[in-house]
Amino acid sequence: MASILKTKDLRKTYPGVVALDDVSFEVEEGEVHALVGENGAGKSTLIKVITGAITPDSGEILFDGKPWKSLTPALSRSVGIEAIYQEFNLVPYLSVAENVFIGQRATPGPIVSFSKLNDKTKEVLSAYDVEIDPAARVSSLSIAKMQLVEITKAIARNARLLIMDEPTAPLTENEVEALFGIVAKLKKEGVTIIYISHRLDEIFSISDRVTVMRDGQYVITEQTKNMTKEKLIYHMVGREMTETFSGREIKYGEPVLEVKNVCGNGVKDISFTLRKGEILGLAGLVGAGRTELARVIFGAEKCDAGEILVDGRPVKIKSPGKAIALGIGLLTEDRKAQGVLLRLSIKWNTSITVLKQISNAFAVTSGRREKSLVEELKDSLKIKTPSIEQLVVNLSGGNQQKVALAKWLASKSKILIFDEPTRGIDVGAKQEIYTLMNELAGQGMGIILISSDMEEILGISDRLIVLSEGKYAGTLEKDRFSQTEVLKLASGE
């Protein structure tokens, strides 16, 4: 089969970092080609070079046999390259149809006919069995439907090579299946797809070949059917990884958090107890109220009724500041919007929760104390960076998550809520977070884990509280853990 894309010795460096180290790889026309690797492996830099968002320092790109030293976004689009990134590129206050054909002359004449624009959009949507009103404002859509609008936009531009970066991260299981159906149809029509995902099961379900990158370097390309999960992980991390969820000696202490008949932010009458040294899983289907409950406990949303006790004492948590003062931390689900300040440094993001502790009597921050604290956390969390002055936006997803976690370790939280802590991060970083959670619980911290990854929440939790439609549905002890039991409770059975 002829190749549609080749890269030859692509190199891109940033201060202190080699993002692409002479990368050469090839994508065949009409295939689904998976691109995998740990966070920081160079995948995002590579696709940004291919789409023209970044200019390489050296090397060459061949598309359809034609060589380019570098591309621009307009040029890559003109030859048929489209990308769907993790952060959607949609205009929320415009309609679906306007977003699909933005930047294109979709109707003849100087005046846009919105009825014709809607008809053309409906035609594309219907061809892929997508039911979305072309006239609907994008801001009114669910995340899953926004994802489908992005795909429709690429199809409408007659994409020949479509790059999908973590397309299933925000989707439910049924939505993932629908997406896979669209990918299969595109492949039949001859569209080539580069598919990036940390969900290894997806790689084996959907791809024809897989390329592995590590530390900015090309490692291997192989037929997916000739790979095993163990072999793929070995190539990604450069070492054997056998046990995903290692056991630990569990020693529970006194209750550190008690939630009694709490109502607010869409949850009703929730009660549970978290003990020192315990990892308590909050399980449930999408919309069950897990994140909503976490935000009430953290003071980000109002508690309308009920009672919260910390260390046996009733408390009123009216703000995140009060929660932090009580020793409660929240590693948020959306780290880029709520977990870190991307345009500020690692140092700033880490020390923000402990400014009083590292300041003198005149409220002036001690640079020496701050640097010492941040350097220590950077080393213990293995944050890959040339300097703690590095802006967080320049870090990989896994390292951004570690920075988000660092601020709670700096503040010495005794209760830490992990909301989807491994979403969008690689297998190696996942293992590090699981190990850290076990270590923190071993030191007596009380941990609440919210995760949509069933294997993860069953593997690392000591006990499970299951929610269904904003209400308590049941408790499962470790000896009763199973996917079937969780789903029974979560679906209201």
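Atoms considered below: every heavy atom in the structure, side chains included; atoms not considered: hydrogens, waters and symmetry mates.
- Residues F418 and L330 form no side-chain contact, since every pair of their non-hydrogen atoms from C-beta on lies 4.5 Å or further apart.
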Can L162 and L186 be said to form a side chain to side chain contact (heavy atoms under 4.5 Å, CB included), step by step?
CA-CA 9 Å; L162 179 58; L186 287 169; 4.0 Å; yes
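- Going from atom CD of Q401 over to atom CG of L395 covers 12.0 Å, rounded to the nearest 0.5 Å.
- In terms of heavy-atom proximity, V262 sits nearest to C303 at CG1-SG, 4.0 Å.
- Two residues are said to be in side-chain contact when any heavy atoms from C-beta on lie closer than 4.5 Å; I383 and V403 meet this criterion.
- For residues 203-212, every residue pair satisfying the side chain to side chain donor-acceptor pair (under 3.5 Å) rule, not counting sequence neighbours, is listed here: E31-R209, H33-T211, K187-D208, S207-T224, T211-T221.
- Each ring pair (Phe, Tyr, Trp, His ring centres under 6.0 Å) pair with one or both residues in residues 456-488, not counting sequence neighbours, would appear here, but there are none.
- Residues V486 and V466 share a closest heavy-atom pair of O-CG1, 4.0 Å.
- Residues meeting the salt bridge (Lys or Arg N to Asp or Glu O under 4.0 Å) test with D57, sequence neighbours left out: K12.
- Within the structure, salt bridge (charged side-chain N to carboxylate O under 4.0 Å, His left out) contacts touching residues 305-329 (residues at least two apart or in different chains) are D311-K414.
- Residues passing the side chain to side chain donor-acceptor pair (under 3.5 Å) test with S411, sequence neighbours excluded: S413.
- Annotation: side chain of L405 is in contact with side chain of L416 (closest heavy-atom distance under 4.5 Å).
- Between L449 and P421, the closest side-chain pair of non-hydrogen atoms falls below 4.5 Å.
- Each ring pair (Phe, Tyr, Trp, His ring centres under 6.0 Å) pair with one or both residues in residues 283-338, not counting sequence neighbours, appears once here: F298-W408.
- Between D22 atom CG and L10 atom CG the span is 9.0 Å, to the nearest 0.5 Å.
- Across all non-hydrogen atoms, the minimal contact from I417 to A294 is CG2-CB, 3.9 Å.
- Annotation: side chain of P167 is in contact with side chain of L179 (closest heavy-atom distance under 4.5 Å).
- A salt bridge (charged side-chain N to carboxylate O under 4.0 Å, His left out) check over residues 399-413, counting only residues at least two apart or in different chains, returns the pairs K402-E432.
- Between D165 and I84, the closest side-chain pair of non-hydrogen atoms is not below 4.5 Å.
- Atom CD1 in I196 sits 6.0 Å away from atom OG in S44 (nearest 0.5 Å).
- Contact annotation: the side chain of E26 never approaches that of L5 to less than 4.5 Å [non-hydrogen atoms, C-beta and beyond].
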Apply side chain to side chain contact (heavy atoms under 4.5 Å, CB included) to K430 and D453, showing your working.
CA-CA 12 Å; K430 279 184 183 182; D453 184 326; 4.2 Å; yes
Do any side-chain atoms of residues 274-292 form donor-acceptor pairs under 3.5 angstrom with protein atoms, and if so which ones, sequence neighbours left out?
residue, atom, partner, partner atom, Å
R275, NE, E278, OE1, 3.4
R275, NH2, E278, OE2, 3.1
E278, OE1, R275, N, 3.0
E278, OE1, R463, NH2, 3.2
E278, OE2, R463, NE, 2.7
E278, OE2, R463, NH2, 3.2
R290, NH1, G284, O, 3.3
R290, NH1, S451, O, 3.2
R290, NH2, S452, OG, 3.4
T291, OG1, D419, OD1, 3.4
T291, OG1, D419, OD2, 2.8

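- Going from atom CG of L373 over to atom NZ of K378 covers 13.0 Å, rounded to the nearest 0.5 Å.
- Ion pair K478/D462 not flagged as a salt bridge, since none of the NZ, NE, NH1 or NH2 atoms sits closer than 4.0 Å to an Asp/Glu carboxylate oxygen.
- Looking at residues two or more places apart in sequence or on another chain, you find no side chain to side chain donor-acceptor pair (under 3.5 Å) involving D379.
- In this model, no donor atom of one side chain and acceptor atom of the other lie less than 3.5 Å apart for E258 and T273.
- Screening residues 315-345 for ring pair (Phe, Tyr, Trp, His ring centres under 6.0 Å), with sequence neighbours left out, gives no hits.
- Judged purely by atom type and a 3.5 angstrom limit, N399 uses its side chain to pair as donor or acceptor with the backbone of K384.
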L161 and E82: side chain to side chain contact (heavy atoms under 4.5 Å, CB included), yes or no, with the steps?
CA-CA 6 Å; L161 172 66; E82 291 287 342; over 6 Å; no
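- At a threshold of 4.5 Å between non-hydrogen side-chain atoms, the residues L487 and M454 count as touching.
- The neighbour count for E222 CD, taken as heavy atoms of other residues, nucleotides or ligands under 6.0 Å away, is above 12.
- Not a single donor-acceptor pair under 3.5 Å links the side chain of E485 to the backbone N or O of R480.
- The CD atom of E301 sits 13.5 Å away from atom CD1 of I317, with the distance rounded to the nearest 0.5 Å.
- Partner of L342 under the side chain to side chain contact (heavy atoms under 4.5 Å, CB included) criterion, chosen from N349, V392, L391: V392.
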Steps toward salt bridge (charged side-chain N to carboxylate O under 4.0 Å, His left out) verdict (R11, D21)
CA-CA 5 Å; R11 187 171 186 82; D21 191 358; 2.7 Å; yes
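- In terms of heavy atoms, A473 sits closest to L489 at O-CD2, 3.2 Å.
- When all heavy atoms of V23 and M213 are compared, the closest pair comes out as CG2-CE, 3.9 Å.
- Side-chain polar atoms of E166 and Y85 form no donor-acceptor pair below 3.5 angstrom.
- Side chain of R199 to backbone of T168: a donor-acceptor contact under 3.5 angstrom is found.
- For T7, there are no side chain to side chain donor-acceptor pair (under 3.5 Å) partners, not counting sequence neighbours.
- Side chain of T228 to backbone of K231: a donor-acceptor contact under 3.5 angstrom is found.
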For the pair K302 and V296, evaluate side chain to side chain contact (heavy atoms under 4.5 Å, CB included) and give the outcome as yes or no after the intermediate values.
CA-CA 6 Å; K302 188 183 174 189; V296 170; over 6 Å; no
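- In this view, E254 satisfies the side chain to side chain donor-acceptor pair (under 3.5 Å) rule with no residue, not counting sequence neighbours.
- In this structure, a donor-acceptor pair under 3.5 Å is absent between the side chains of E28 and T192.
- For the residue pair I328 and I297, the shortest heavy atom distance occurs at CD1-O, 4.2 Å.
- For the atom pair CD (Q443) and CG (N438), the distance works out to 11.0 Å, reported to the nearest 0.5 Å.
- When atom types are taken as modelled, the side chain of E389 and the backbone of S345 share no donor-acceptor pair closer than 3.5 angstrom.
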